[in-house]
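Here the structure is a predicted model, which is why all the values come from computation and not from measurement.
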Amino acid sequence: MTDPALRSPAEPSPLALAVARALGGRSLVLVGMMGAGKSSVGRRLAGRMGLPFIDADNEIEAAAGMSIPDIFAEHGEPYFRAGEARVITRLLADGPRVLATGGGAFMNPGTRAMIASRGLSVWLAADLDVLMRRIRRRADRPLLQTDDPEATLAKLIAERYPVYAEADLTVQSRDVPHDVIVEEIVATLADRLGVAPPSGPVAARSAVPPATPAPDRPTEKGPA
């Protein structure tokens, strides 16, 4: 089922467009746990900023020709992580864009270094209870196929949150409309980049060049 928040694209805003210009050629990379809202928030954030949106997990599945659960089942997590790193490296080379990454991507030191050199990272932090409410709606999370998913998620949080904290910025994900989180990200980015709210009439749609359409699906051979 399509998330209702994805059906109505967000309109560009003057401040968000100014932030996009300040990024230069860098991408904005969303990191965090499964269920933190990286894809749903990322789509709307990209609309605000007039940038393309890319979901790294979708690109990995396209490169592999199979779903992520199937990659885990047939090839294992190390194989998946290696492909994930390759795909993210390629996507960062094609910036600027808003890029949503999988929950484990930022744990790779090489991927973190690549993100730091070619992008600006934002951690969507979320409490365990918030994540569990969201994750229960889906049954396709390979790392949570255990007897006690909540305990598994709590363990992942303990392992990953100290690493996620290395992101350039942190915004709290919680049960509010996606647009609230989007505006908080824009404001946090503006503060970080020293972007003042534009004054006077602003032609929002012409403030930045039109977003370049996402490239064709990757041509890498074999599973990611």
Query - side-chain hydrogen bond (donor to acceptor under 3.5 Å, both in side chains) between Ser67 and Asp70, worked out - result: CA-CA 5 Å; Ser67 69; Asp70 286 344; 3.2 Å; yes
Query raised in the report: When you check the gap from the basic side-chain N to the acidic O, do Asp179 and Arg48 get nearer than 4.0 Å?
Result: yes
Query - Residues Thr101, Ile88; criterion side-chain contact (heavy atoms from CB on, under 4.5 Å); working and verdict - result: CA-CA 8 Å; Thr101 61; Ile88 289 175; 4.1 Å; yes
**Report entry** Cationic N near anionic O, under 4.0 Å, Asp127 to Arg174
**Finding:** no
Query raised in the report: Atom CZ of Arg118 and atom CG of Leu91: how far apart are they, to the nearest 0.5 Å?
Result: 11.0 Å
Query raised in the report: Does any donor atom in the side chain of Arg86 or Thr111 lie under 3.5 Å from an acceptor atom in the other side chain?
Result: no
Requested in this report: Before accepting this row, confirm whether a basic side-chain N of the pair Glu11/Arg44 lies closer than 4.0 Å to the acidic partner's carboxylate O.
Outcome: no
**Report entry** Phe106/Trp123 aromatic ring centres below 6.0 Å
**Finding:** no
Query raised in the report: Where do Ala105 and Glu84 come nearest, in terms of heavy atoms and distance?
Result: CA-OE1, 3.5 Å
Query raised in the report: Minimum heavy-atom separation for Gly102 to Lys38, with atom names?
Result: C-CE, 4.3 Å
Query raised in the report: Could you walk me through whether Val122 and Thr170 pass the side-chain contact (heavy atoms from CB on, under 4.5 Å) check?
Result: CA-CA 6 Å; Val122 178; Thr170 300; over 6 Å; no
Query - Trace of the side-chain contact (heavy atoms from CB on, under 4.5 Å) decision for Leu28 with Leu189 - result: CA-CA 10 Å; Leu28 188 62; Leu189 285 167; 3.5 Å; yes
Report summary line: Between Ile135 and Gly35, the two heavy atoms sitting closest are CG1-CA, 4.3 Å
